[in-house]
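A short worksheet on the structure shown next.
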Protein chains: 2
Amino acid sequence: MDFFEQLGPAALGSRLRRLSEQMTAQAAEVYSLYHVPVEPRWFPVFYVVATEPERPVGEIAEAIGQTHAAVSQVVKELVKQDLVRVQRGEADLRRSVVSLTEKGQAAWPSLQQQTADVRQATEALLTETRHNLWLALGEMEYALSRQSLASRVKAIRDQRAAGEVHIIDYAPQYQPDFKRLNAEWIERYFRLEAADLKALDHPDEYIIQRGGHILLASYQGQMVGTCALIPMVDATYELAKMAVSPAAQGLGIGWRLGEAAIAKARSLGAQRLYLESNTKLAPALSLYHKLGFRKTVSGPPSPYERCNIQMELLLGS
Amino acid sequence: MDFFEQLGPAALGSRLRRLSEQMTAQAAEVYSLYHVPVEPRWFPVFYVVATEPERPVGEIAEAIGQTHAAVSQVVKELVKQDLVRVQRGEADLRRSVVSLTEKGQAAWPSLQQQTADVRQATEALLTETRHNLWLALGEMEYALSRQSLASRVKAIRDQRAAGEVHIIDYAPQYQPDFKRLNAEWIERYFRLEAADLKALDHPDEYIIQRGGHILLASYQGQMVGTCALIPMVDATYELAKMAVSPAAQGLGIGWRLGEAAIAKARSLGAQRLYLESNTKLAPALSLYHKLGFRKTVSGPPSPYERCNIQMELLLGS
DNA sequence: TACATTTACGTAAGTACTTACAAATATACG
DNA sequence: CGTATATTTGTAAGTACTTACGTAAATGTA
């Protein structure tokens, strides 16, 4: 059972489940000790109905933090046991208003007694420990309500990943990566056009030798992103061939590439960046917008079929 | 959601489950963040197989605190995903030895990375709170391993019940209770005999007026137990008509009645108590033994068919 | 060496919830 | 006032485990 020790808090979820299952099993024993005709899993619903009568299913569900479906099923059982009765709501016929039957009323005092005993036992248990589980649970729920575990983990991963992402300049040996990364997404959404193949197969000839630049992003020893700057007229560069591998998306690599490309453009004396894209590519457009690009209509006609939106970023001086 | 506040620690189990479900849901999100072809519920098994290769199913189950059936099912899934491979044990053909495939090996580093990130996030989360959940869980598991919740609750209930159990002397208005309590168990195990009916219907005539005594136990306003002392020859009294209502069993009422009867017999100058019972009634025999009764063969023939064992308790002087 | 018992495992079914979907009723909107 | 949308509930199916049970292999016993 050293699994939990080895893993430590990374197994917090599993450990919580294990203890909760243990408590559930214990609860079953406690119930058999008292002679109450109520099963442990019915308790929350029964408790709410007993303390606040005439509640509809939905409200009970909200009170105990379960779904209406679960409550509906438990109520069905309780009706079968003749512990509660269900009536249509008076004002709203959709509602199922639940209240105790005579048998339910009769069972309530014993159940209250049992609950009081369990509470006393648990409270004693909690004072036996140095770290109070009840308070810890409350604090943990509060902390998670402020920021979920998933987003906390993501923040840590992103921070770690940032240190492992490197933006490097093109070199001929990267041509296969450059082609693969671009072909991957183009073929997913559109189809490769002749203009694509020329640039992807011969980036040296069609981009570098014409005064352009290509940047690549590496992560954990693999090439996971690219983008290119291609000179146009009037101190304008086109930002093109922006691609990030699906396996590396969500790491902010597009942003890093974009920023690096803008910095490179500035250092080349560019006054303006221009790009073409497609409105189907929502995440890409949102990235461009965050980088400062805005929609324009002044661009030249595109050689690519798939382009239906043009954007620009004025760099000032 | 004031259900948990109202109930307090009595709802500890439910609250644990709720948080564990929340964590499970968060885990699913975390997994989708990393591009690992492993589902959250596979993790424990995968982890053990990755860190300690060539483990049979049973050992994996023990390490992660689940049943072998659960592990068997997860392994089946993992085999379908080509993440692990199963071989027959070399020395023991019953064993299913599990090890990682190449694909599993390939997924392992990412999973390790993810685990490290989750651990870091959770550790940060734990230091954010005043009461450390991880330590509290450990302490709670330890406390429960020393004494289960059920037995703690039972101790509290018994203590409370002891104050509510009263042993009182017979009065004519208790005749229906006296009859009901005895008839209840006799009819459950045997059948009512003529000798029973005489004593149960007319205790005044057949017991009290012959110098005998009847004790009753009341609990929460109800009569839940009886026993009788019937004079025999030679300063011997028969302990008879011992009965405790099934709904009140486990509260030590039999013990209280027995002790009261022994005290009463002493005060009457009895030198010996005698009783007849049946070997089918194991709990009753164990109670008599605890009260000091021992098996004997010296008794007179019983007027009751159901009796096949005789016991006595010498009171000394 | 034969036979009963124990051990290891897989499969089926149960459990206590969930999500997904469907039906009935209530409300909003032109 | 009719129709679209929202709300409330019940039912079915899924989930991630469990318990129960059956089979095969190993072990103990006479």
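Letters go in sequence order (proteins before strands), and every chain restarts at 1.
Each of E39(A) and A69(A) was matched to the nucleotide of DNA chain C holding its nearest heavy atom; the match closer to the 5' end belongs to E39(A). In this structure, R94(A) and Q73(A) both approach DNA chain D, and ranking their closest nucleotides by distance from the 5' end singles out R94(A).
T67(B) comes within 4.0 angstrom of a base, heavy atoms only. When heavy atoms are screened at a 4.0 angstrom cut-off, A91(B) is found touching the sugar-phosphate backbone but no base atom. Residue contacts shown for Q66(A) are limited to sugar-phosphate atoms, with no base heavy atom under 4.0 Å away.
With respect to the salt-bridge test (charged N to carboxylate O, under 4.0 angstrom), the residues E62(A) and R55(A) do not qualify. Checked for salt-bridge contact, R119(B) and E123(B) meet the test: a charged N lies under 4.0 Å from a carboxylate O. Taking the charged nitrogens against the carboxylate oxygens, E21(A) and R17(B) have no contact shorter than 4.0 Å, which rules out a salt bridge. The existence of a salt bridge linking E164(B) and R160(B) is confirmed by a sub-4.0 Å separation between a basic side-chain nitrogen and an acidic carboxylate oxygen. A salt bridge does not link E54(B) to R95(B): none of the charged side-chain nitrogens sits closer than 4.0 Å to a carboxylate oxygen. A salt bridge does not link R146(B) to E141(B): none of the charged side-chain nitrogens sits closer than 4.0 Å to a carboxylate oxygen. Salt bridge annotation for K154(A)-E29(B): absent, with no cationic side-chain nitrogen under 4.0 angstrom from a carboxylate oxygen.
In this structure, E62(B) atom CD and dA8(C) atom C1' are separated by 13 Å, rounded to whole Å. Distance CG (L93(B)) to P (dT27(D)): 11 Å, rounded to an integer number of Å. Taking atom CZ of F43(A) as the reference point, atom P of dC17(C) lies 13 Å away to the nearest angstrom. A straight line from CZ of R95(A) to P of dT27(C) spans 9 Å, rounded to a whole angstrom. The distance between atom CD of E90(B) and atom P of dA25(D), rounded to the nearest whole Å, is 17 Å. The nearest whole Å value for the distance from the CZ atom in R17(B) to the P atom in dC17(D) is 15 Å. When the P atom of dG10(C) is taken as reference, atom CD of Q87(B) falls 13 Å away, rounded to whole Å. We find that CD of E21(B) is positioned 13 Å from C1' of dT19(C), with the value rounded to whole Å.
Note on R41(B): every side-chain N or O is 4.0 Å or more away from OP1 and OP2 of dT15(D). Put simply, K76(B) has a side-chain N or O that comes within less than 4.0 Å of OP1 or OP2 on dT11(C). Residue S72(A) places none of its side-chain N or O atoms closer than 4.0 Å to OP1 or OP2 of dT11(D).
With centres under 5.5 Å and a plane angle under 30°, the ring of H68(A) is stacked against the base of dT9(D).
Q220(B) CD: more than 12 foreign heavy atoms inside a 6.0 Å radius.
Checking dT9(D), dT8(D), dG10(C) against every side-chain atom of D92(A), the shortest atom distance belongs to dT8(D).
Terminal axes of the helix from dT1(C)-dA30(D) to dG30(C)-dC1(D) (five pairs each, C1' rotation axis) are separated by 0°, to the nearest 10°.
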